Amino acid sequence: MVKDLPVDLILMASEQGFSAAALMEVDQVPLNGDFRQFCEQNACGNYNANYSCPPTCGTFEQMRDRLHAYKNALFLQSRWYLPDLSDKKSVTAVRKTHNEHMMVMAGVLNALGISTLICGSSSCLLCEQCADLSGEPCRNPNLAYSCLSAYCVDVFELCKKLGWDASYKDGYLTFYGILAF
């Protein structure tokens with residue numbers, strides 16, 4: 001799989017605070033185009049309101065092709081003690097931290113000349129309000145990332161394959177992401 005990588009990604013993931021990490025080939029990541037309907041239901045409020053989310057980010061086929069342009073994937077998990085899921089401010093803060101840690105890892109790989117793609121946890125949070133809402137161009141097109149849902153990644157199936165527990169229990173909320181390279 002990954003040969004001669006100048007950095008230990010599993011160790012780096014641990015140092016960034018991720019609770020688990022697994023390397024695989026991108027074609028091992030389970031995708032399900034039927035999941036796009038969940039984005040269309042707009043439970044998160046970002047459908048057609050964030051450049052990184054559907055429909056603006058692209059069709060399922062376009063997102064699949066974007067992911068499959070890379071050979072390898074690092075699947076990442078972070079766990080946070082959040083007993084009150086109605087505390088949206090805290091949930092957003094830890095989700096943002098999860099994605100920022102992914103960006104640090106992508107930055108290291110990019111500095112080594114290795115192109116990366118971030119599939120984050122939930123929508124892009126780089127800007128306080130996405131420029132899509134005002135019809136302006138994306139303010140950070142080179143940093144913006146789409147979420148696993150936009151790529152229609154079957155996170156539960158992937159966790160099952162890896163033997164990871166994907167459930168919310170004992171007050172621990174889990175976030176996931178993929179760093180493709």
Side-chain angles (χ1 to χ4, degrees), residues 13 16-19 21 26 29-70 73-80 82 84-107 110 115-159 166 168 172-181:
Q16 284 297 316
F18 290 101
S19 55
V26 166
V29 175
L31 304 176
N32 185 340
D34 292 340
F35 286 4
R36 185 51 66 97
Q37 68 181 316
F38 299 118
C39 289
E40 293 167 358
Q41 291 171 5
N42 201 23
C44 69
N46 288 310
Y47 187 80
N48 209 24
N50 188 307
Y51 281 122
S52 70
C53 293
T56 314
C57 68
T59 64
F60 162 67
E61 293 79 13
Q62 290 168 323
M63 299 301 281
R64 178 198 60 215
D65 292 348
R66 192 173 300 154
L67 179 61
H68 283 175
Y70 296 84
L74 179 66
F75 185 52
L76 298 159
Q77 175 192 71
S78 65
R79 293 180 56 78
W80 304 85
L82 289 171
D84 181 8
L85 293 181
S86 68
D87 180 359
K88 299 297 182 198
K89 187 175 180 180
S90 292
V91 171
T92 298
V94 296
R95 187 177 73 231
K96 187 173 184 176
T97 299
H98 170 93
N99 290 327
E100 287 171 348
H101 290 185
M102 290 184 66
M103 292 178 75
V104 167
M105 293 183 68
N110 291 334
S115 178
T116 61
L117 173 73
I118 294 175
C119 307
S121 181
S122 193
S123 63
C124 180
L125 296 171
L126 292 174
C127 302
E128 192 169 318
Q129 181 176 351
C130 184
D132 190 17
L133 291 173
S134 59
E136 299 169 39
C138 178
R139 296 179 199 99
N140 297 290
N142 295 328
L143 296 174
Y145 54 87
S146 291
C147 65
L148 293 171
S149 298
Y151 288 94
C152 297
V153 172
D154 189 336
V155 172
F156 290 106
E157 180 63 28
L158 189 49
C159 286
Y168 173 79
Y172 284 90
L173 183 59
T174 308
F175 292 104
Y176 298 94
I178 291 176
L179 183 59
F181 58 98

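Here the structure is a predicted model, which is why all the values come from computation and not from measurement.
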A.B. asks: Compare every heavy atom of Tyr145 with every heavy atom of Ser122, then report the nearest pair and how far apart it is.
C.D. replies: O-CE1, 4.2 Å

A.B. asks: Starting at CG of Leu125, measure out to CD of Glu100 and round the result to the nearest 0.5 Å.
C.D. replies: 8.5 Å

A.B. asks: Hey, does Leu126 have a side-chain heavy atom less than 4.5 Å from the side chain of Met103?
C.D. replies: yes

A.B. asks: Rounded to the nearest 0.5 Å, what separation is found between the CZ atom of Arg95 and the NZ atom of Lys88?
C.D. replies: 9.5 Å

A.B. asks: Could you tell me whether the side chain of Val153 reaches within less than 4.5 Å of the side chain of Cys119, counting heavy atoms only?
C.D. replies: no

A.B. asks: Quick one: does Ile118's side chain get under 4.5 Å of Leu179's, heavy atoms only?
C.D. replies: yes

A.B. asks: Would you say that Leu85 contacts Tyr168 through its side chain, given a criterion of any heavy-atom pair below 4.5 Å between the two side chains?
C.D. replies: yes

A.B. asks: Can you check whether Asn32's main-chain N or O pairs, donor with acceptor, with Asp154's side chain at less than 3.5 Å?
C.D. replies: no

A.B. asks: I need the minimum non-hydrogen distance between Leu133 and Gln129, along with the two atoms involved.
C.D. replies: CD1-NE2, 3.4 Å

A.B. asks: Do Tyr47 and Pro55 touch side chain to side chain, with heavy atoms closer than 4.5 Å?
C.D. replies: yes

A.B. asks: Indicate whether the side chain of Asn99 and that of Ser121 have a donor and an acceptor atom separated by less than 3.5 Å.
C.D. replies: no

A.B. asks: How far does OG1 of Thr56 sit from OH of Tyr51, to the nearest 0.5 angstrom?
C.D. replies: 7.5 Å

A.B. asks: Which heavy atom of Ala144 sits nearest a heavy atom of Cys138, and at what distance?
C.D. replies: CB-SG, 4.1 Å

A.B. asks: Does Asn46 use its side chain to pair, donor to acceptor, with the backbone of Ala49 at less than 3.5 Å?
C.D. replies: no

A.B. asks: Given Phe60, which partner from the list Cys39, Pro54, Cys152 fulfils the side chain to side chain contact (heavy atoms under 4.5 Å, CB included) test?
C.D. replies: Cys152

A.B. asks: Can you measure from CE (Met63) to SG (Cys147) and round to the nearest 0.5 angstrom?
C.D. replies: 7.5 Å

A.B. asks: Does Thr174 reach the main-chain N or O of Ala166 with its side chain, forming a donor-acceptor pair under 3.5 Å?
C.D. replies: no

A.B. asks: Starting at CG of Leu158, measure out to OH of Tyr176 and round the result to the nearest 0.5 Å.
C.D. replies: 9.0 Å

A.B. asks: Which heavy atom of Ala106 sits nearest a heavy atom of Thr116, and at what distance?
C.D. replies: CB-OG1, 3.5 Å

A.B. asks: Any non-hydrogen side-chain atom of Phe175 less than 4.5 Å from a side-chain atom of Val155?
C.D. replies: no

A.B. asks: Is the shortest heavy-atom distance from the side chain of Cys159 to the side chain of Phe75 under 4.5 Å?
C.D. replies: yes

A.B. asks: Taking Ser134 for its side chain and Ala131 for its backbone only, find out whether a donor-acceptor pair lies under 3.5 Å.
C.D. replies: yes

A.B. asks: Quick one, Thr97 with Trp80, criterion side chain to side chain contact (heavy atoms under 4.5 Å, CB included). Give me CA distance, side-chain angles, the key distance, then yes/no.
C.D. replies: CA-CA 11 Å; Thr97 299; Trp80 304 85; 3.6 Å; yes

A.B. asks: Kindly compute the distance separating CG (Leu82) from OG (Ser90), expressed to the nearest 0.5 Å.
C.D. replies: 6.0 Å

A.B. asks: Just by modelled atom types, is the Ala150 backbone N or O under 3.5 Å from a matching donor or acceptor in the Arg36 side chain?
C.D. replies: yes

A.B. asks: What closest approach, in Å, do Ala21 and Leu76 show between heavy atoms, and which atom pair accounts for it?
C.D. replies: CB-CD2, 3.7 Å

A.B. asks: Taking the six-membered ring for Trp, is the centroid-to-centroid distance between Phe18 and His98 below 6.0 Å?
C.D. replies: yes

A.B. asks: Taking all heavy atoms of Asn50 and all of Asp132, pick out the closest pair and write down the distance.
C.D. replies: N-OD2, 3.3 Å

